[in-house]
Q: 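One structure, as structure tokens, below. Some questions next.
Read the numbers this way: they start at 1 and go in the same order the structure lists the ligands and their atoms.
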Amino acid sequence: MTVLLSLREVSKTYGSSNLPAVDGISFECQGGEITAIIGGSGSGKSTLLRIIAGLEIPDSGHIVLNGIALNGFSQFVPPEKRDCTLVPQDYALFPNMTIRQNVFFGKRAQDKPTRIRELLELTRIEKLEHRYPHQISGGEQQRVALVRALATNPSLLLLDEPLSNLDQELRDSVRTELIDLFRKTETTALFVSHDTDDAITMADKVIVLRDGKAVQIGTPTVVYNQPTNSYIALLFGKTNLIPLEIFPKARYNFADSESGLQVVSVRPHELKLVNKDTSQCSPHFSGKVLSIQSKGNSQEVILDTKELTLTASFPISHRIHVGDLLTVAVEENQSM
Ligand code: ADP
Ligand code: MG
């Protein structure tokens, strides 16, 4: 794989603000890779995408796409000359035009009728051509926006919250469809989401943004299992932050952003029920069940131990009641 996109120390502060929206961000995307930018509201995700697309001008930093300097080096390549397309969060379809008129809009698209036909078939919306955007569903509107963006065969597709307008039940199938579409059209994709499940299921690489800074860059597995601070650990779902002094043999630890203490992140499913008297596991915790919440095929149990309040996830087949005394241990793979 070769580097397709490279950002070096890119920063931007909006005129009215004294805090940077994007603060010294550097990363690379390899050709064919799917990268997710994850972060809370206002963390700078959209600004970063708009900078790469050429819709915002950074105050400093360099951006190179396909060997061409887009920003920096006294260069500014305008959006329409960049080998990338941005699909905005609201899809930005023209409401007064049919789907056909939307996807064939502009000279660059009109030069590619065969490709557009192929994309309409690939996304299964060819039968909707004569409808208007308000006459199709959110999922279909998204496919129209994707066809329009891919019509000119950009090397890089930028997607701002591509799944945020879709129902929960559609999201899973759309994730698979998107990955499939990127692969079939050989598109490198950089997408923004505030939903960490999107990143975990779709991305090869995750960039976590906080206050405009890239606080961690890694594969979904690394970011989930080896977060560099407790903010990231908690962003990716519930976890138990166990002090390292209780768990000195832990595989991986980091400083808790709140307390500054070295801690180990143990996800609820990494705790297993053990027999208190025979347990050889280190560490293990005994305590009383405070509450139980059903999660369908699992149950989430809050356990009050002497040192900590722990959240554990067990199969529904374990018969557990509030007030029970339980002992849990950390699974082997966490405590190597
Ligand atoms: P996100 O997409 O992660 O929610 P944004 O990139 O939209 O974040 O915003 C990052 C920060 O920049 C926020 O503090 C936001 O208020 C500010 N911001 C975004 N766009 C503008 C703008 N056009 N003018 C001034 N401030 C802006
Ligand atoms: Mg945004």
Q: Starting from atom 7 (O) of ligand 1, find the nearest protein heavy-atom neighbour and note its residue, name and distance.
A: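 Atom 7 (O) of ligand 1 sits closest to the protein heavy atom Ser46 CB, 3.8 Å.
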Q: For atom 19 (C) of ligand 1, what is the closest protein heavy atom, and at what distance to 0.1 Å?
A: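 Residue, atom and distance for the closest contact: Tyr14 CE1, 3.3 Å.
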Q: What do you reckon, does Gly39 put a non-hydrogen atom under 4.0 Å from ligand 1?
A: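 Gly39: no contact with ligand 1 (<4.0 Å).
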Q: Evaluate Gly44 for polar contact with ligand 1, using N/O atom pairs at a separation under 3.5 Å.
A: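 Yes; the residue has a nitrogen or oxygen that sits under 3.5 Å from a nitrogen or oxygen of the ligand.
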Q: Please work out which of the three classes, parallel, tilted or perpendicular, describes the rings of Phe105 and Phe94, given edges at 30° and 60°.
A: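 If you compare the ring of Phe94 with that of Phe105, the planes turn out tilted.
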Q: Would Ser43 count as being in polar contact with ligand 1, using the rule that some N or O on each side must be under 3.5 angstrom apart?
A: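 Right, the criterion is met.
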Q: For Gly40, counting its heavy atoms only, list the atoms of ligand 1 lying under 4.0 Å from any of them.
A: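 Those of ligand 1 that fall under 4.0 Å from Gly40 are 3 (O).
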Q: Quick one: look up the protein heavy atom nearest atom 1 (P) of ligand 1 and list residue, atom name and how far away it is.
A: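 Of every protein heavy atom, Gly42 N, 3.5 Å lies nearest to atom 1 (P) of ligand 1.
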Q: Near the Mg ion (ligand 2), is there an N/O/S atom from Gln89 that is less than 2.8 Å away?
A: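 False for Gln89.
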Q: Between Tyr231 and Ser257, which heavy-atom pair has the shortest distance, and what is it?
A: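 Reported closest heavy-atom pair: N-OG, 3.5 Å.
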Q: Which option wins on minimum heavy-atom distance to atom 3 (O) of ligand 1: Arg50, Lys12, Glu161, Lys45?
A: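 That would be Lys45.
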Q: Can you find an N/O atom of Thr47 closer than 3.5 Å to an N/O atom of ligand 1?
A: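 Yes, since at least one N or O of Thr47 sits under 3.5 Å from an N or O of ligand 1.
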Q: Does Leu178 belong to the same Ile/Leu/Val/Met/Phe/Trp/Tyr cluster as Leu190, with side-chain heavy atoms less than 4.5 Å apart forming each link?
A: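 Different clusters: Leu178 never reaches Leu190 through Ile, Leu, Val, Met, Phe, Trp or Tyr contacts under 4.5 Å.
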Q: Picking from Thr85, Leu181, Thr185, what satisfies side-chain contact (heavy atoms from CB on, under 4.5 Å) with Leu146?
A: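 Per the side-chain contact (heavy atoms from CB on, under 4.5 Å) rule, the option paired with Leu146 is Leu181, out of Thr85, Leu181, Thr185.
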Q: Would you say Tyr132 and Ile136 are hydrophobically clustered, going by side-chain heavy atoms of ILVMFWY under 4.5 Å?
A: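 Different hydrophobic clusters.
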Q: To the nearest 0.5 angstrom, please state how far the CD1 atom of Ile242 sits from the CG atom of Leu271.
A: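 Answer for the CD1-CG pair, Ile242 versus Leu271, is 6.0 Å.
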Q: Less than 3.5 Å between some nitrogen or oxygen of Ser41 and one of ligand 1, yes or no?
A: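 Looking only at distances, the answer is no, because the N/O contact criterion of under 3.5 Å is not met.
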Q: Is the closest protein non-hydrogen atom to atom 15 (C) of ligand 1 under 4.0 Å?
A: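 Protein heavy atom within 4.0 Å of atom 15 (C) of ligand 1: absent.
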Q: Nearest 0.5 Å, what's the CG-OG1 distance between Leu150 and Thr187?
A: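 If I round to the nearest 0.5 Å, the distance is 5.0 Å.
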Q: Pick out which of Asp83, Thr188, Thr2 makes a side chain to side chain donor-acceptor pair (under 3.5 Å) with Asn66.
A: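 Option passing the side chain to side chain donor-acceptor pair (under 3.5 Å) with Asn66: Asp83.
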